[in-house]
Amino acid sequence: MNKKHATLFKTLLALFALNSITLYLYFSSSHHHHDNRRDTTAEGFPAIIPHRGPHLSKPWPIIPSYLPWSLTSNVPSKSCEAYFGNGFTKSADVLPAKAAVRSGSSWFRCHYSWTLRSSICEGGKIRMDPGKIKMSRGGEKLEDVIGRTEDEEMPEFEDGAFEVEAEGRGSRSKIKKLVGEEFLNEFLPVGNVMKHTIRELVRSIVVVGETDFTCQEWVEEPTLLITRFEYANLFHTVTDWYSAYVSSRVTGLPNRPHLVFVDGHCETQLEETWKALFSSLRYAKNFSGPVCFRHAVLSPLGYETALFKGLSEDIDCQGASAHDLWQSPDDKKTARLSEFGEMIRDAFGFPVNRHHSDKTVSGHYNILFVRREDYLAHPRHRGKVESRLSNEQEVFDSLQKWASDHQECKVNLVNGLFAHMSMKEQVRAIQDASVIIGAHGAGLTHIVSATPNTVILEIISSFFRRPHFQLIAQWKGLEYHAINLDGSYANPGVVIDRFNKIMRSLRC
């Protein structure tokens, strides 16, 4: 080895040694920092959340319709952003984060929306005692709990079901509530909800001293605490999904949160989407004892979202592209439901940049007919679904004949038997459809995941004339058509005529 090569070899060896030392110091420092910040919170980000490992929480996806959720105080009340985005402009620090950083105690705050008349509350170092929550265990197989009442599944909270630690507090001998009735009425009003479980959860929170705040189990990652009501109904579950998504974005969570269902409902098919959207899922009663959350977020009830409130109040918003709104903000337009729909599609691994042109390759069109069929939904259900279209099969057969006879383009009519399809298969059918047809029913809520330029044709019985899906289409900017029936029978000729006009507009 000549002198030049020897010098080069020594240089490379020195660089390798330096790199090894740097890596050692980095990982040992990171581990030490992890241990030291176990009891800290930070003011700017509601909490500094330690992690046990690098891949415990799913990252947020990159989606085309995403717009920043950073709070600005000038979001106008009743604007589209106030309804569908971050209109939570009023905040109350019940236990300030600054004090928590100094003392290592708990923090708690609520963000209130004047428009939705509800709050997203969050806190750090919160203890939950499942033994003080009266409800069924939850998460059971449906067939194992047939006949169980709804009251058994809904939570009732004893004082101390949730606890926070405050500096200077003494023993438990004298119970001190975190908030009083005045605060609850201001930030968590009952409204039209008969049983406001999140309000009752916050009412149950008591303040204890450091010696009384003990935990055998800690959940280190940000966690949403969720109570569901009509958990087996797709429309109401979508309102819960949306509330959870908004709560995650408003509180600035760095990754998709974990979930704890604070209710005693059994398993449903819809849990597949809950698990796809978020990082993990547990039921409160499945914990073996008291558990402490480093950062907990209380997701508002689905009844408090714009998706539900729009059924009883006028929400004058039109769907628009995020690109257009980024360049020209408009209080009467929103891209939030498109963002949410892309979030659902991405959660199942589907592409989120697909448009109408992608679905009509070589003149092929998928037409999805969403069916209503019998299935067992929950413990009190008899397995029979009320018909909204008395001659559904006749209408489907007519559409099938039209598709097979049509020569101008290739039409594939998809038989949308959603009750016998996985949630992933259902979302795939929605995203691949150029036209979605169906009688008024919860299954049509899937149009929240439809891609731009999808056309909706709803067949509406005179007995079920409500605007659920017209509104979702409007808020997403989708073309919408309705056939209003006199009764529940649809003349196949009328359906074919309307469908034919839609296909001609698609150049088919």
Side-chain angles (χ1 to χ4, degrees), residues 44-46 60 63 65-94 108-123 183-193 196 198-199 202 222 224-226 238-253 257 297-322 324-343 448 471-472 474-477:
F45 206 105
W60 292 112
I63 49 181
S65 293
Y66 176 83
L67 288 171
W69 286 77
S70 54
L71 179 63
T72 57
S73 58
N74 60 349
V75 174
S77 179
K78 304 291 185 178
S79 67
C80 294
E81 180 63 9
Y83 272 114
F84 292 98
N86 194 352
F88 296 83
T89 55
K90 178 183 177 181
S91 293
D93 284 305
V94 182
F108 191 88
R109 66 167 68 109
C110 289
H111 314 274
Y112 181 75
S113 165
W114 298 97
T115 300
L116 296 174
R117 302 178 298 283
S118 68
S119 288
I120 298 170
C121 298
E122 58 174 334
F183 180 92
L184 293 172
N185 291 336
E186 183 177 357
F187 283 88
L188 292 161
V190 174
N192 295 322
V193 181
H196 199 305
I198 297 300
R199 175 188 170 103
V202 174
L224 295 186
L225 305 184
I226 295 169
V238 168
T239 68
D240 287 331
W241 292 340
Y242 193 68
S243 181
Y245 178 68
V246 171
S247 298
S248 305
R249 291 302 200 179
V250 167
T251 53
L253 300 186
V297 179
L298 310 184
S299 182
L301 303 177
Y303 296 136
E304 298 176 299
T305 63
L307 286 166
F308 185 81
K309 286 181 176 288
L311 300 177
S312 57
E313 59 185 83
D314 182 24
I315 300 179
D316 183 20
C317 293
Q318 298 290 329
S321 73
D324 290 347
L325 288 175
W326 180 255
Q327 293 188 324
S328 303
D330 189 330
D331 290 340
K332 295 295 184 180
K333 294 181 179 179
T334 182
R336 292 301 186 192
L337 282 193
S338 295
E339 174 185 334
F340 178 58
E342 290 169 0
M343 180 72 195
V448 76
L471 289 172
I472 293 175
Q474 173 187 318
W475 297 331
K476 276 183 62 71

Salt-bridge test for [X] and [Y]: reply yes if a basic N is under 4.0 Å from a carboxylate O, no otherwise.
| X | Y | result |
| --- | --- | --- |
| E313 | R117 | yes |
| E122 | R109 | yes |
| K476 | E339 | no |

* To do: Identify, with sequence neighbours excluded, every residue that meets salt bridge (charged side-chain N to carboxylate O under 4.0 Å, His left out) alongside D324.
  =>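 Testing D324 for salt bridge (charged side-chain N to carboxylate O under 4.0 Å, His left out), a comparison that skips the adjacent residues, returns none.
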* To do: Please lay out, stage by stage, how F340 and V238 fare under the test side chain to side chain contact (heavy atoms under 4.5 Å, CB included).
  => CA-CA 10 Å; F340 178 58; V238 168; 4.1 Å; yes
For the student: nearest non-hydrogen atoms of [X] and [Y], plus distance:
| X | Y | result |
| --- | --- | --- |
| N86 | W69 | ND2-O, 2.7 Å |
| L325 | K333 | CD2-CB, 3.7 Å |
| G85 | F88 | O-CE1, 3.9 Å |
| A82 | T115 | CB-OG1, 3.3 Å |
| I315 | A306 | CD1-O, 3.6 Å |
| L225 | I198 | O-CD1, 4.4 Å |

Note, [X] side chain near [Y] side chain (heavy atom, < 4.5 Å):
| X | Y | result |
| --- | --- | --- |
| N185 | R199 | yes |
| L298 | I120 | no |
| P222 | V297 | no |
| L337 | L307 | yes |
| S338 | S321 | no |
| F108 | C121 | yes |
| P257 | L253 | yes |

* Dump the intermediate steps for side chain to side chain contact (heavy atoms under 4.5 Å, CB included) on N192 and Y303, then the final yes or no. => CA-CA 9 Å; N192 295 322; Y303 296 136; over 6 Å; no
Using a 3.5 Å distance criterion without hydrogens, assess whether the side chain of [X] forms a donor-acceptor pair with backbone atoms of [Y].
| X | Y | result |
| --- | --- | --- |
| S119 | F187 | yes |
| S65 | A335 | no |
| R336 | L67 | yes |
| Y242 | F84 | yes |

* Would you say the side chains of S299 and S243 form a donor-acceptor pair under 3.5 Å? ->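 Note: S299 and S243 side chains meet the donor-acceptor criterion.
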Distance in Å, [X] [atom1] paired with [Y] [atom2], rounded so as to fall on 0.5 Å steps:
| X | Y | atom1 | atom2 | answer |
| --- | --- | --- | --- | --- |
| W475 | I472 | CH2 | CD1 | 7.0 Å |
| S118 | H111 | OG | NE2 | 12.0 Å |
| L188 | E304 | CG | CD | 7.5 Å |
| Q318 | D330 | CD | CG | 10.0 Å |
| L311 | L471 | CG | CG | 6.5 Å |
| S79 | D331 | OG | CG | 5.0 Å |

* State which residues pass ring-ring contact (aromatic ring centres under 6.0 Å, His included) with W60; sequence neighbours excluded, sorted by chain then number. => Y245
* Residues forming a side chain to side chain contact (heavy atoms under 4.5 Å, CB included) with C80, sequence neighbours excluded -> C317, T334
* To do: Apply side chain to side chain contact (heavy atoms under 4.5 Å, CB included) to L116 and K309, showing your working.
  => CA-CA 8 Å; L116 296 174; K309 286 181 176 288; 4.0 Å; yes
